[in-house]
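The block underneath contains the structure these notes are about, expressed in structure tokens.
What you see below is based on every heavy atom in this structure, not just the backbone, and it leaves out hydrogens, waters and symmetry mates.
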Amino acid sequence: MGNNFGTDILIQSENPEKAAALYVHELGFTITGEAPNMISLHGDRVNLFIERGPALGPVLEVTVNDVAEAKARLVKNGCEVIKDEPDFPRCYVRDPYGLIYNLKG
């Protein structure tokens, strides 16, 4: 299948600046990038990205060979697409067990 989990985790927050402050001050992350709708943080073993938006919970990043094919296969097996952005291409999927991941090519 060619799928592999990366070291990146994405969360969404209505207030990314406030969320980033918690991770920096309490958990030792370092801010490595800031854009109007995204703050990038670096930790010793994981990178955390905080995107402005309604909370989804943690989103793990999974690299796949073909986003459309992986999305179709996962939906057929009980997963739900919760955000689809084919122009990137990327797709956020919630599996039947509650895990959310971003499929990216």
Could you walk me through whether R52 and E17 pass salt bridge (charged side-chain N to carboxylate O under 4.0 Å, His left out), step by step? CA-CA 9 Å; R52 188 173 310 281; E17 297 81 9; 3.0 Å; yes
Could you tell me which non-hydrogen atom of C91 sits nearest to which non-hydrogen atom of V67, and how far apart they are? CB-CG1, 4.1 Å
Does some side-chain heavy atom of I100 sit less than 4.5 Å from a side-chain heavy atom of V93? no
Could you check if a side-chain atom of K18 sits within less than 4.5 angstrom of a side-chain atom of S13, using non-hydrogen atoms only? no
Does any part of the side chain of L74, heavy atoms only, come nearer than 4.5 Å to the side chain of L103, both counted from C-beta? yes
To the nearest 0.5 Å, what is the distance between CZ (R94) and CD1 (I82)? 4.5 Å
Are any of the side-chain nitrogens in K83 or E51 under 4.0 Å away from the carboxylate oxygens of its partner? yes
Measuring only between side-chain heavy atoms, which start at C-beta, is Y92 closer than 4.5 Å to V59? yes
Output the distance between atom OG1 (T7) and atom CG (L48), rounded to the nearest 0.5 Å. 11.0 Å
Indicate if I39 and V24 have the same hydrophobic cluster label, given that clusters are the connected sets of ILVMFWY residues with side-chain heavy-atom separations under 4.5 angstrom. yes
According to a hydrophobic-cluster definition based on side-chain heavy atoms being under 4.5 Å apart (Ile, Leu, Val, Met, Phe, Trp, Tyr only), do F5 and L56 belong together? no
Evaluate the side-chain proximity of K71 to D84: yes if any heavy-atom separation is below 4.5 Å, no if none is. yes
Which residue is it: L10, L41, I9, N37? I am looking for the one with a side chain to side chain contact (heavy atoms under 4.5 Å, CB included) to I50. L41
Going hydrophobic residue to hydrophobic residue with side-chain gaps under 4.5 angstrom, can you get from V46 over to Y23? yes
Does atom CG of N15 have more than 12 heavy-atom neighbours, drawn from other residues, nucleotides or ligands, at distances under 6.0 Å? yes
Does some side-chain heavy atom of N47 sit less than 4.5 Å from a side-chain heavy atom of F29? no
Could you state whether M38 and I11 fall into the same hydrophobic cluster, counting links through intermediate Ile, Leu, Val, Met, Phe, Trp or Tyr residues with side-chain heavy atoms under 4.5 angstrom apart? no
For the residue pair E80 and V75, establish whether any side-chain heavy-atom pair is separated by less than 4.5 Å. no
pair K104-F88: side-chain heavy atoms closer than 4.5 Å: no
